Amino acid sequence: MISSFVITGFLGVGKTTMLTNSVKENFGDKKIAIIVNEFGDVGVDSKILKNVHSEVLEISEGCICCQLAEEFEAGVTEIIQKYDPEIIFVETSGASEPFPIFLSLQNMGISVDGVICVIDSKNFSSYKENSTAKYQLGGSNIIVLNKMDLVNETEIKELEAEIAEIKAEYNIRNTMTNEPIFKNYVTHRAEQGLVGKELFEGVYKVEEVVEFAQDSTHLDHTLKDSITQKVAYLKEDINFADVDEILENVPESIYRVKGVVKVKDVPNAIFVNYSFGDASFEELLDYEDKSLLIFIGENVDKEVTALTKKYDILNVPKFSISRG
Ligand SMILES: Nc1nc2c(ncn2[C@@H]2O[C@H](COP(=O)(O)OP(=O)(O)OP(=O)(O)O)[C@@H](O)[C@H]2O)c(=O)[nH]1
Ligand SMILES: [Mg+2]
């Protein structure tokens with residue numbers, strides 16, 4: 001039987017970083033396939049993941065938990081037929097809930113060995129009120145407290161207490177029996193998504209058939225929590241400092257920016273990866289397309305328009321469709 005892990009967690013918490021840094025390390029001897037569903041219709045994560053893993057399937061332009069169940073199942077079937085993986089890792093979009101994906105995998109006869117919720121330990125308080133973030137915790141049985149480098153022990157203790165509370169309230173239950181689907185959960189700490197193999201070792205396997213679980217309450221949260229995205233393009237004649245300046249002036253309501261940019265003073269294109277005020281950059285070989293940034297958050301239309309007025313190197317296409 002093929003086994004799988006679902007990796008959930010809010011926007012920018014470190015899901016892709018975990019897949020990049022931990023999976024090959026721990027499963028170098030296995031045939032791994034990765035499915036990634038990204039919020040934002042430009043597949044930045046799949047480009048990053050393809051640098052490290054050979055079989056990466058990207059499902060973009062929507063959320064696999066509400067609109068794309070069929071596309072997701074077709075993608076899983078395709079990757080199984082083509083590649084015959086032993087383990088499938090699914091990175092859900094930061095705005096998805098894991099439970100419907102868990103059900104889809106189970107319905108396809110794939111064993112779900114764990115639903116991993118990655119937490120941004122530094123920025124948890126900025127996003128913990130978001131209902132999707134709460135359901136992500138409730139629907140998982142392995143919790144990874146990531147970005148440990150940015151918090152101290154007192155903050156970690158507070159975080160663990162808050163998580164335990166949310167976890168208890170939002171735990172996914174079987175509506176027939178009212179029993180929690182996950183009888184228990186484990187918490188691991190991580191930096192740069194690095195975790196040991198024991199995290200994945202199948203003690204958490206969910207044997208129960210969970211068709212009756214509480215998924216009728218699943219709402220279209222992408223609309224409810226009004227997280228939207230907007231793509232903006234950058235002019236060609238720019239330097240790295242120009243990009244950095246824009247990132248330093250991103251308003252708080254935009255908590256995630258991703259993109260690829262080409263600048264005059266760096267030979268290769270650069271991945272831009274910004275979440276909650278912190279940015280990281282990585283060089284990328286062989287990128288021939290335009291320089292672009294995807295802004296994700298609340299009030300995105302208004303805020304990105306304001307940024308384009310302030311920085312004339314940044315512009316949005318006149319007729320673009322914003323997706324939730
Ligand atoms: N300081 C610090 N930064 C981290 C750590 N893990 C990840 N990051 C940074 O956090 C940002 C987001 O990481 P990703 O792995 O892209 O996050 P994600 O959860 O896949 O994001 P989405 O797919 O957009 O929801 C990047 O800039 C990473 O470099 C960590 O442990 N410490
Ligand atoms: Mg990602």
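Since we're looking at a predicted model, the values are computed, not measured. Any value given below was found using the heavy atoms of this structure, including those in side chains, with hydrogens, waters and symmetry copies removed. Numbering of ligands and ligand atoms starts at 1, following listing order.
Residue Gly14 has at least one N or O atom closer than 3.5 Å to an N or O atom of ligand 1. Considering backbone and side-chain atoms together, Tyr274 places no N or O closer than 3.5 Å to any N or O of ligand 1. On a distance-only criterion, Ala279 and ligand 1 share no N/O pair closer than 3.5 Å. Between Glu191 and ligand 1, no pair of N/O atoms sits closer than 3.5 Å. At a 3.5 angstrom cut-off on N or O pairs, Met148 does not count as close to ligand 1. Polar contact with ligand 1: absent for Asp278 (N/O pair, distance under 3.5 Å).
Of the protein's heavy atoms, Asp149 OD2, 2.9 Å lies nearest to atom 1 (N) of ligand 1. Protein heavy atom nearest atom 31 (O) of ligand 1, with residue, atom name and distance: Gln192 N, 2.5 Å. For atom 10 (O) of ligand 1, the closest non-hydrogen atom of the protein is Lys147 NZ, 3.2 Å. Regarding atom 18 (P) of ligand 1, its nearest protein heavy-atom neighbour is Lys15 N, 3.4 Å. Protein heavy atom closest to atom 6 (N) of ligand 1, with residue, atom name and distance, is Asn146 ND2, 3.0 Å. In this structure, atom 27 (O) of ligand 1 lies nearest to the protein heavy atom Ser280 OG, 2.6 Å. Scanning the protein heavy atoms around atom 21 (O) of ligand 1, the nearest turns out to be Arg256 NH2, 2.9 Å.
For ligand 1, the atoms sitting less than 4.0 Å from at least one non-hydrogen atom of Leu150 are 1 (N), numbered in the order shown with element in parentheses. Within the listing of ligand 1, atoms 15 (O), 18 (P), 20 (O) sit less than 4.0 angstrom from a heavy atom of Thr16.
Other residues, nucleotides and ligands contribute at most 12 non-hydrogen atoms within 6.0 Å of the CD atom of Glu252. Counting heavy atoms of neighbouring residues, nucleotides and ligands inside a 6.0 Å radius, atom CD of Glu25 does not exceed 12 of them. Under a cut-off of 6.0 angstrom, the local environment of NZ in Lys309 is sparse, with at most 12 non-hydrogen atoms contributed by other residues, nucleotides or ligands. Within a 6.0 Å sphere centred on CD of Glu283, heavy atoms belonging to other residues, nucleotides or ligands number more than 12.
The part of Lys258 lying near ligand 1 is the side chain, judged by heavy-atom distances below 4.0 Å.
With 3.5 Å as the limit, one finds no donor-acceptor pair spanning the side chains of Asp120 and Tyr127. A side-chain donor-acceptor contact under 3.5 Å links Tyr255 and Glu298.
Residues Val115 and Ile2 fall within the same hydrophobic cluster, defined by Ile, Leu, Val, Met, Phe, Trp and Tyr side chains chained together at heavy-atom separations under 4.5 Å.
Proximity of Ser275 to ligand 1 is established by a heavy-atom distance of less than 4.0 Å. In this structure, Glu91 has a heavy atom closer than 4.0 Å to ligand 1.
Remark: Lys262 is not positioned above the aromatic ring of Tyr287, lacking an NZ or CZ atom under 6.0 angstrom from the ring centre and at most 45 degrees off the axis. The cationic atom of Lys134 (NZ for Lys, CZ for Arg) does not lie both less than 6.0 Å from the six-membered ring centre of Phe10 and within 45° of the ring axis. A cation-pi arrangement, defined by a distance under 6.0 Å to the six-membered ring centre and an angle within 45 degrees of its axis, is present between Lys167 and Tyr185.
Classification of Lys82 and Glu78 as a salt-bridged pair holds, one side-chain N sitting under 4.0 Å from a carboxylate O. Under 4.0 Å is where a charged nitrogen must lie from a carboxylate oxygen, and between Lys310 and Glu245 no such pair does. The residues Asp278 and Lys122 are annotated as salt-bridged, a charged nitrogen and a carboxylate oxygen being separated by less than 4.0 angstrom. A salt bridge is absent between Glu155 and Lys147: the closest approach of a Lys/Arg side-chain nitrogen to an acidic carboxylate oxygen does not fall below 4.0 angstrom.
Within the protein, the number of N/O/S atoms found under 2.8 Å from the Mg ion (ligand 2) is 3.
If you run side chain to side chain contact (heavy atoms under 4.5 Å, CB included) between Val151 and each of Leu145, Leu159, Asn123, Ile156, only Ile156 comes through.
Considering Thr17, Leu11, Val13 only, the shortest heavy-atom separation from atom 14 (P) of ligand 1 involves Thr17.
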